[in-house]
Amino acid sequence: MPSVILAKDQPFDLDLSLSCGQVFGWEREETAWRGIVGQKLIRIVQKGDRLSFSGADTGFIRYYFALDVDLPEILSSIDRDPVIHYAVSSCSGLRIIRQPPWECLASFICATYSNIPGIRKRVHLLCQNLGAPLSPEYPGLFSFPSPTAIAGAETCMLSGCSLGYRAGYLRETARVLAADTGWEERIDALSFPKARANLLRLKGVGKKVADCVLLFAFGKWESFPVDVWIERIMTRCYPECRDLRTYDKISDFGRAYFGKYAGYAQEYLYCCRTVLAGRVDAGKGRGGGSNLYVPDSQPER
DNA sequence: TCCCAGGCCGTCG
DNA sequence: CGACGGCATGGG
């Protein structure tokens with residue numbers, strides 16, 4: 001089984017990176033993770049500084065998990081107050097994965113107004129219902145369906161993926177992109193704002209989805225997606241955001257404040273969302289209020 | 001049972 | 001612009 005040894009000064013946490021809500025096509029097996037990326041069926045396990053894997057070559061693994069990125073350098077650039085410092089300290093080794101654009105885009109179209117387990121279910125169903133068999137070696141495992149496969153899917157197959165009202169958006173966007181080979185290269189070559197405007201023309205793609213795709217698939221690390229959790233965290237922990245009520249104002253603040261790696265800051269904050277939003281009790285009891293482990297909600301800086 | 005979830009779209013001031 | 005209702009589904 002091939003493996004890579006992580007550099008001592010380049011932390012990486014596989015579990016954290018795969019379970020933090022940036023990617024939805026991976027599942028835990030007994031000891032390892034199993035993931036479908038493109039046409040690859042990848043298994044990977046981490047033991048300390050050793051990453052052992054199958055189904056892909058070393059170059060792909062290093063690229064996909066962004067092991068070539070100087071993480072400490074990025075984190076030192078965003079670590080500018082007690083709030084983000086808490087998040088950075090709590091999520092050591094979290095890296096932003098480089099996802100294939102279509103899988104990422106389609107996943108986040110399916111992600112709107114849903115929780116993470118629900119998104120994972122939809123992604124899994126899409127693969128099972130509309131994906132291509134990976135190989136005779138892995139019966140029952142299917143790739144993420146291409147735009148063409150989704151555009152041409154029987155309505156009942158698409159509806160059977162628990163997509164709800166998102167099914168129409170996904171199908172329409174799949175239809176447009178199936179006829180637009182080269183869209184990935186085009187987006188990739190554009191600046192962040194132009195790429196964003198381009199993605200916003202697609203059905204089911206609003207600011208949040210566009211920003212997630214730019215961050216998680218196109219390496220536009222200044223992107224600062226704002227979901228309900230990030231909105232809570234920013235308005236609660238950052239006085240400058242106290243009264244900001246629109247998406248763009250919060251996102252623009254995040255980008256201006258954290259700089260060109262604002263997306264990393266966003267992801268670390270998101271990873272600590274229940275604590276930083278003051279909702280440790282969410283789902284049980286009355287929720288809200290507890291400040292366990294939370295740095296001062298109005299940090300002096 | 002209830003509330004909420006990595007929101008978007010159409011519409012109306 | 002900004003605000004607001006509707007939307008389908010599943011998880012806790």
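Proteins come first, then strands; the chains are lettered A, B, ... in the order of their sequence lines, and each starts at number 1. Model, not experiment: these values are computed from the prediction.
Atoms CG (A:Leu170) and C1' (B:dC9) sit 16 Å apart, rounded to a whole Å. A:Asp248 places its CG atom 8 Å from the P atom of C:dG2, with the value rounded to the nearest Å. Here the P atom of nucleotide C:dG2 and the CG atom of A:Asp243 are 15 Å apart, to the nearest Å. One interatomic measurement links the two molecules: CZ of A:Arg120 to C1' of C:dG12, which rounds to 17 Å at whole-angstrom precision. Taking atom OH on A:Tyr165 and atom P on B:dA5, their separation rounds to 13 Å, with Å as the unit. Atoms CZ (A:Phe24) and P (C:dG10) sit 17 Å apart, rounded to a whole Å. In this structure, the CZ atom of A:Arg166 is 13 Å from the C1' atom of C:dG6, given to the nearest Å. Atom CZ of A:Arg245 is separated from atom P of B:dG7 by 14 Å (rounded to the nearest Å).
When the side-chain nitrogen and oxygen atoms of A:Lys121 are compared with OP1 and OP2 of C:dG10, one or more of them lie within a distance under 4.0 Å. Applying the 4.0 Å criterion to OP1 and OP2 of C:dG10, one finds that A:Ser162 has a side-chain N or O inside that range.
There is a side-chain donor-acceptor pair under 3.5 Å between A:Thr155 and A:Arg171. Checked by atom type, the side-chain pair A:Asp15/A:Gln46 shows no donor-acceptor distance below 3.5 Å.
At a threshold of 4.0 angstrom between heavy atoms, the contacts of A:Leu163 with the nucleic acid are absent. Counting non-hydrogen atoms under 4.0 angstrom, A:Val228 reaches the backbone sugars and phosphates but no base. Residue A:Leu215 is out of contact with every strand shown, counting any heavy-atom pair closer than 4.0 Å. Among the protein residues, A:Gly204 comes within range of the sugar-phosphate backbone only, with heavy atoms under 4.0 Å from sugar or phosphate atoms but none that close to a base. Using a 4.0 Å heavy-atom cutoff across all strands shown, A:Glu231 reaches no nucleic acid atom at all. Using a 4.0 Å heavy-atom distance criterion, A:Tyr247 is classed as making no nucleic acid contact. A:Arg232 comes within contact range of the sugar-phosphate backbone alone, with a heavy-atom separation under 4.0 Å but no base atom that close.
Between A:Glu27 and A:Arg34 a salt bridge is recorded (basic side-chain N to carboxylate O distance below 4.0 Å).
Residue A:Thr246 is the one, among A:Asn115 and A:Thr246, whose nearest nucleotide of DNA chain C lies closer to the 5' end (criterion: closest heavy atom). Closest-nucleotide positions on DNA chain B for A:Arg273 and A:Leu200 were compared, and the one nearer the 5' end corresponds to A:Arg273. With the nearest nucleotide of DNA chain B identified for both A:Asp227 and A:Lys203, A:Asp227 has the one nearer the 5' end.
Both A:Ile119 and A:Leu215 are assigned to one and the same hydrophobic cluster, defined by single-linkage of ILVMFWY side chains at heavy-atom distances under 4.5 Å.
To the nearest 0.5 Å, atoms NZ (A:Lys121) and CG (A:Leu126) are separated by 12.0 Å.
A stacked arrangement is assigned to A:Tyr113 and the six-membered base ring of B:dG7, with a centre-to-centre distance below 5.5 Å and an interplanar angle below 30°.
The heavy-atom pair separating A:Ser90 from A:Cys272 by the smallest distance is CB-SG, 3.9 Å.
Rounded to whole Å, the separation between the P atoms of B:dC9 and C:dG10 comes to 22 Å.
Evaluation of atom-type donor-acceptor distances gives no pair under 3.5 Å for the side chain of A:Tyr169 against the base of B:dG7.
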